[in-house]
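Let me begin by presenting the structure, written as structure tokens, before commenting on it.
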Amino acid sequence: MTLAKRIIPCLDVAGGRVVKGVNFVNLVDAGDPVELAKRYGEEGADELTFLDISASVEERKTTIEIVRQTAEQVFIPLTVGGGIRSTDDVNNLLRNGADKVSINTAAIARPELINEIADRFGNQVLVLSVDARRGRTPSGFEVTTHGGRQGTEIDALAWVEAAITRGVGEILLNSMDADGTRAGYDIEMIAAVRAISSVPIIASGGAGAMNDFALALNAGADALLAASVFHFGVHKIGEVKRYLAAEGYPVRQ
Amino acid sequence: MIAILDYGSGNLRSAERAFALTGQEVIVTSDPELCLSADGLVVPGVGAYSACMEQLRSIAGEEIIAARLSMKRKIFGICVGMQIFFDGGTEKNGSSGLGIWPGEVSPIAAPILPHIGWNTVTAATDSILFNGVADQSFYFVHSFAAKSQVPQAINTFCEYGEPFLAAVEAEYVVATQFHPEKSGDAGAQLIKNWVNTL
């Protein structure tokens, strides 16, 4: 028995559609979220992540209806992020079919939100989404907000450690430098966070070549999140899993 | 009819939909009459052990479960809904459970927790639940587990850092530590296997 490394397609949602850009700008339409979720479920996705990427910028509430419709048809775990500011927001999402929630900007603004969510729902529902880039903080990795458009001068490793102490159950580590480039995950950043994290790490940002997935697992990722390579048909989920299995990594097939 | 016990814990919509795939009528309810008359009662559960027990008590869930047991009517516990069937849990300051099964629920000895994701199990050879899906993976998300065999029951173990109970099948009460309602086709088959025993 070995816990499988998870492959997680990420559906960035804005205005009820899946969108994808490079470094969070130049967004293009990538399809209907519910249809895409169903297809990924059939293709062997281990989880699905919805991120309402317009939430922090346009103060838009997360698209509950998309989650509700997906949860009715797809029987794998759903994580939802974007615009979550309170335990009531979390409760609303869980009641509508989300299994986990991810928080980002609101936790930076008010870290106590992590404790409040973990105390009420348990740390297993709470994913801390960290949008980090190379920067001049002590570890060399800086937390950003607003889809990577604003620096915070917060050190990414210090933030992850503090958030784990407060009660997050997983880290979604998104490289703002690599996001959408398909030039590979930020391997050094994954390894640096792995060294200080006692919770699972979901690597995100930069997946392109098959070998990128293996390199991220090798650096210590427990799960691999990708968007554009799946949305635009560069790789099928099944192909990635067969590749990883052949390389000796445990995957669910 | 299958009743899913609504005591404010768990992703009830997914459980409702997954059990409805069997063709059975499914009701999400905390009404004692419906819970007692249902052919099967599902007890979901997420979050902290003590919080689940508190919420269960607030709807007189202990009495509902005890009454079903005395009537020899079937119950299916999921995740923390399984854990509360044991004597107690050590999470936070500790909490007593329903004591249907002996033993306590304690942290898993593994370097990275929670245990999140798809894992395989060693299905007991006489298992009914795992009929046809014994070699499949199931979705787990938890940091605590029961670790010792339940007597006079079919015990199925998983391993993550150490062996722990993935499923228990007693005469009237069955339970899984994983989430069958989130385990895709394999989970749907396991649910069907249980519904066929009702």
Side-chain angles (χ1 to χ4, degrees), chain A residues 1-8 41-42 44-48 67-79 91 93-100 117-127 164 167-171 194 197-202 220-223 241 250-253, chain B residues 6 8-21 28 45-52 55 79-80 91-92 110-122 136-144 157-161 163-164 166 179-188 191:
Chain A
M1 272 156 284
T2 312
L3 181 62
K5 301 296 182 184
R6 288 168 280 158
I7 304 295
I8 308 175
E42 288 160 7
D46 296 308
E47 281 182 41
L48 291 170
V67 176
R68 199 183 60 74
Q69 287 180 28
T70 305
E72 303 224 325
Q73 301 175 46
V74 184
F75 297 98
I76 58 174
L78 305 180
T79 302
N91 192 42
L93 283 166
L94 297 180
R95 284 253 156 201
N96 279 282
D99 299 284
K100 300 190 275 192
I117 295 171
D119 286 348
R120 182 160 164 197
F121 304 102
N123 71 347
Q124 81 292 333
V125 307
L126 187 54
V127 181
I164 291 171
V168 299
E170 268 181 299
I171 304 295
R194 171 78 291 153
S197 174
S198 59
V199 304
I201 296 169
I202 305 162
D222 301 284
K241 288 190 165 186
V251 292
R252 177 182 71 111
Q253 286 183 296
Chain B
D6 183 1
S9 183
N11 175 354
L12 302 175
R13 178 171 290 274
S14 294
E16 179 185 5
R17 293 288 302 163
F19 280 83
L21 286 178
V28 177
V46 298
Y49 196 106
S50 56
C52 271
Q55 287 173 299
C79 197
V80 184
E91 194 169 356
K92 294 187 177 164
I112 297 174
L113 288 174
H115 174 221
I116 299 182
W118 299 75
N119 211 332
T120 50
V121 301
T122 307
Q136 298 290 303
S137 300
F138 300 91
Y139 186 78
F140 292 82
V141 49
H142 62 123
S143 296
F144 293 75
F157 281 84
C158 179
E159 192 172 320
Y160 181 69
F164 63 86
H179 288 268
E181 80 282 14
K182 284 283 150 189
S183 297
D185 293 342
I191 288 169

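Only a predicted model underlies this, so the values are computations on that prediction, with no experimental measurement involved. In the text below, chain A, chain B and the rest are named by the order of the sequence lines, each starting its count at 1.
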Among [options], residue most engaged with chain A (heavy-atom pairs, under 4.5 Å):
{"options": "B/S143, B/A48, B/A51, B/G184", "result": "B/G184"}
{"options": "B/L113, B/L21, B/D185, B/T122", "result": "B/L113"}
{"options": "B/E159, B/H179, B/Q136", "result": "B/E159"}
{"options": "B/V141, B/I116, B/V121", "result": "B/I116"}

Contact class of [X] relative to chain B, heavy atoms under 4.5 angstrom:
{"X": "A/E170", "value": "side chain"}
{"X": "A/D222", "value": "side chain"}
{"X": "A/A98", "value": "backbone"}

Report summary line: Highest number of heavy-atom pairs under 4.5 Å with chain B among A/G122, A/A223, A/P200 belongs to A/P200
Query raised in the report: Taking every heavy-atom pair that is under 4.5 Å apart, which of A/K5, A/Q124, A/R252 has the most such pairs with chain B?
Result: A/R252
Identify the heavy atoms of [X] and [Y] that sit nearest to each other, and give their distance.
{"X": "A/G97", "Y": "B/S14", "value": "O-OG, 4.2 Å"}
{"X": "B/P114", "Y": "A/G169", "value": "CD-O, 3.2 Å"}
{"X": "B/I112", "Y": "A/V199", "value": "CG2-C, 3.6 Å"}

Query raised in the report: Any side-chain heavy-atom pair from A/K100 and B/V46 closer than 4.5 angstrom?
Result: no
**Report entry** Contact check, side chains of A/P77 and B/W118, non-hydrogen atoms, under 4.5 Å
**Finding:** yes
Report summary line: CZ (A/R6) and OH (B/Y139) are apart, to the nearest 0.5 Å, by 5.5 Å
Query raised in the report: So how far is it from A/L3 CG to B/T120 OG1, rounded to the nearest 0.5 Å?
Result: 9.5 Å
Query - Contact class of B/F140 relative to chain A, heavy atoms under 4.5 angstrom - result: neither
Report task. May I have the step-by-step check of side chain to side chain contact (heavy atoms under 4.5 Å, CB included) for A/E72 and B/R13, ending in yes or no? Result -> CA-CA 8 Å; A/E72 303 224 325; B/R13 178 171 290 274; 2.4 Å; yes
Query raised in the report: Is the side chain of B/K182 donor-acceptor paired with the backbone N or O of A/F75 at a distance under 3.5 Å, no angle test?
Result: no
